[in-house]
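Structure record follows, encoded as structure tokens.
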There are 2 protein chains.
Amino acid sequence: MSSSAAEHSHADHHDHGKCIADALAAAREICAQRGERFTELRGRVLELVWESHRPIGAYAVLERLKADGRSAAPPTVYRALDFLMEVGLVHRIESLNAYIGCAHPGAAHASQFLICKDCGTAEELESPAIDAALAAAAGDHGFKLAGRVVELSGTCKSCTGS
Amino acid sequence: MSSSAAEHSHADHHDHGKCIADALAAAREICAQRGERFTELRGRVLELVWESHRPIGAYAVLERLKADGRSAAPPTVYRALDFLMEVGLVHRIESLNAYIGCAHPGAAHASQFLICKDCGTAEELESPAIDAALAAAAGDHGFKLAGRVVELSGTCKSCTGS
DNA sequence: CCGGCCTTGGTATAGTATATCGTACTCTAT
DNA sequence: ATAGAGTACGATATACTATACCAAGGCCGG
């Protein structure tokens, strides 16, 4: 069923230009609110991260920047990515050493990722149930929870079908 | 004040020699069951991984092997670690690029880690509640779950007290 | 205009992981 | 015991990921 597209997978025919535009608009607003500068470089890096719903490596971003004709070196990219993560516009996927645009920027949140081994997309979740289970387990052990890394790998809905 | 030790942190006065001996004994048994060879190198690497309850990096293991007077190079270590992970004796901590002995070898399990930012110890959990929440979230999204990375960082019980 | 702070450019290097090839070892079946 | 197959290890080279450090330029409040 559902002639309309599914949620957010690679098989979607969703208007990805809108994903990027929305991300950039949100970024401008958030940076303005926080008194941070949303420079051209940062914008371009965010754009590149949002180019797909697959996590992208820092060096892949670097190649793209160079392809732009821009002079760039690893620190250029890492600084931009670190900034974007700090303001909550980008997440790092630890298990892939890669970066992905945050699906819900602006709101403080602990997110989880479903990473498809077939198509490479990573879908961001914000499951209160998972978060509650994590908090409960930490509490049981007297552990003061600060950071969460939840990365689930497997096969996404679209890839299972095909 | 608590003169008695807590469960499993760096502050413990637990008999760590027993941790190591148990891990080696379990390893021998598991490898025998699976028809795998538990070689001297593999045993030594497992010992080194178990030297503390802190995850250890591959290159730190390598240094220790060299200190033994053994000739060793990165592939030496990575092969041994890959083997130990394959048979379920060691886990990789993605967020640290480091390795830690499995607390419950032999049993198939999806584990989670509580990683203390102060003392560096990583405690392995097997919370059915977390696992159920993960499975449920994946199921809700039509995602066929294969691998789980759950790494929580924060402050452990012992370090909170001090 | 000046001075300070933030951002970026550029080089070098550290840290993590794998590809590849050759040799030696272990086990099994004869 | 020995040949052959399969596995494990030694060794070199290289790829991939990330950070330290210093210099130069841009932005902004005084």
Side-chain angles (χ1 to χ4, degrees), chain A residues 27-28 30-32 34-49 54-87 89-100 120 149 151, chain B residues 27-28 31-49 54-87 89-100 120 149 151:
Chain A
R28 262 182 277 275
I30 288 165
C31 287
R34 302 180 46 143
E36 301 279 1
R37 290 199 238 157
F38 190 65
T39 63
E40 201 254 335
L41 173 66
R42 290 167 178 177
R44 181 64 181 135
V45 169
L46 185 60
E47 224 170 48
L48 290 170
V49 166
R54 282 185 290 278
I56 185 174
Y59 279 73
V61 172
L62 178 57
E63 287 314 306
R64 302 297 313 275
L65 289 179
K66 284 181 179 167
D68 287 352
R70 182 192 292 268
S71 87
T76 311
V77 173
Y78 282 102
R79 277 188 297 237
L81 288 173
D82 287 348
F83 170 83
L84 293 170
M85 283 192 289
E86 203 134 324
V87 298
L89 294 164
V90 161
H91 294 290
R92 173 177 164 84
I93 306 292
E94 295 292 343
S95 54
L96 299 175
N97 294 331
Y99 304 82
I100 192 169
V149 172
E151 299 171 6
Chain B
R28 261 182 277 273
C31 288
Q33 277 175 12
R34 302 181 46 143
E36 301 279 4
R37 284 150 67 181
F38 189 67
T39 63
E40 201 254 335
L41 174 66
R42 290 168 176 175
R44 181 65 180 136
V45 169
L46 184 60
E47 225 170 49
L48 289 169
V49 166
R54 283 184 290 277
I56 184 174
Y59 279 72
V61 172
L62 178 57
E63 287 314 306
R64 300 299 312 274
L65 288 180
K66 284 180 179 166
D68 285 353
R70 182 192 294 267
S71 88
T76 312
V77 173
Y78 282 102
R79 278 189 297 237
L81 289 171
D82 287 347
F83 170 83
L84 293 170
M85 284 192 288
E86 202 135 323
V87 297
L89 293 164
V90 161
H91 294 290
R92 173 176 164 84
I93 306 292
E94 295 292 344
S95 55
L96 299 175
N97 294 331
Y99 304 83
I100 191 169
V149 172
E151 299 170 6

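Quantities reported herein were computed from a predicted structural model and do not represent experimental measurements. What you see below is based on every heavy atom in this structure, not just the backbone, and it leaves out hydrogens, waters and symmetry mates. So you know, we letter chains A, B, ... as the sequences are listed, proteins then strands, and number each from 1.
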Between R79(B) and A98(B), the residue closer to the 5' end of DNA chain C by nearest nucleotide is A98(B)
Map L41(A) and N97(A) onto DNA chain C by nearest heavy atom, then report which one ends up closer to the 5' terminus. L41(A)
Separation between CZ (R70(B)) and CD (E40(B)), nearest 0.5 Å, reads 4.5 Å
Roughly how far apart are E63(A) CD and I56(A) CD1, rounded to 0.5 Å? 10.5 Å
For the helix from dC1(C)-dG30(D) to dT30(C)-dA1(D), figure out the bend between the end axes, five pairs an end, and round to 10 degrees.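 Helix axis angle between the two ends: 30°.
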Nearest-angstrom distance from the residue atom [atom1] of [X] to [atom2] of [N]:
X      : N       : atom1 : atom2 : answer
D82(B) : dT16(C) : CG    : P     : 16 Å
F83(B) : dA8(D)  : CZ    : P     : 7 Å
L81(B) : dC9(D)  : CG    : C1'   : 15 Å
E40(A) : dG26(D) : CD    : P     : 14 Å
L65(A) : dG9(C)  : CG    : P     : 9 Å
K66(A) : dT8(C)  : NZ    : P     : 18 Å
R34(B) : dT7(D)  : CZ    : C1'   : 16 Å
E36(B) : dT7(D)  : CD    : P     : 9 Å

Is F38(A) touching bases, backbone alone, or none of the nucleic acid, heavy atoms closer than 4.0 Å? nothing
Would you mind telling me which of dG9(C), dA18(D), dA11(D) lies closest to the side-chain atoms of Y59(A)?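 Minimum distance to the Y59(A) side chain belongs to dA18(D).
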By nearest atom, which of the nucleotides dA17(C), dT8(C), dA18(D) is closest to the R42(A) side chain?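 Taking heavy atoms from C-beta onward, the closest nucleotide is dT8(C).
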Name every donor-acceptor pair, under 3.5 Å, that has one atom in a side chain of residues 89-97 of chain A and the other anywhere in the protein, sequence neighbours excluded.
| unit_1 | atom_1 | unit_2 | atom_2 | d |
| --- | --- | --- | --- | --- |
| H91(A) | NE2 | H109(A) | NE2 | 3.3 |
| H91(A) | NE2 | E124(A) | OE2 | 3.1 |
| R92(A) | NE | E94(A) | OE1 | 3.2 |
| R92(A) | NE | E94(A) | OE2 | 3.3 |
| R92(A) | NH1 | Y99(A) | OH | 2.8 |
| R92(A) | NH2 | N97(A) | OD1 | 2.9 |
| S95(A) | OG | E151(A) | OE1 | 2.5 |

Working for side-chain contact (heavy atoms from CB on, under 4.5 Å), residues L46(B) and R42(B): CA-CA 6 Å; L46(B) 184 60; R42(B) 290 168 176 175; over 6 Å; no
Can you sort out which residues in residues 67-78 of chain A have a heavy atom within less than 4.0 Å of DNA chain D? Ascending by number, please.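 Within residues 67-78 of chain A, the residues near DNA chain D are P74(A), P75(A), Y78(A).
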Name every donor-acceptor pair, under 3.5 Å, that has one atom in a side chain of residues 71-84 of chain A and the other anywhere in the protein, sequence neighbours excluded.
| unit_1 | atom_1 | unit_2 | atom_2 | d |
| --- | --- | --- | --- | --- |
| T76(A) | OG1 | A73(A) | N | 3.1 |
| T76(A) | OG1 | A73(A) | O | 3.1 |

Shortest non-hydrogen contact from A98(A) toward P55(A): CB-CB, 3.6 Å
In 5'-to-3' order, the base (B), backbone-only (S) or no-contact (-) status of each nucleotide in nucleotides 24-30 of chain C, using a 4.0 angstrom heavy-atom cut-off, is --S----
Could you list the residues that satisfy salt bridge (charged side-chain N to carboxylate O under 4.0 Å, His left out) with R64(A), not counting sequence neighbours? E51(A)
Does CD belonging to E36(A) count more than 12 external heavy atoms closer than 6.0 Å? yes
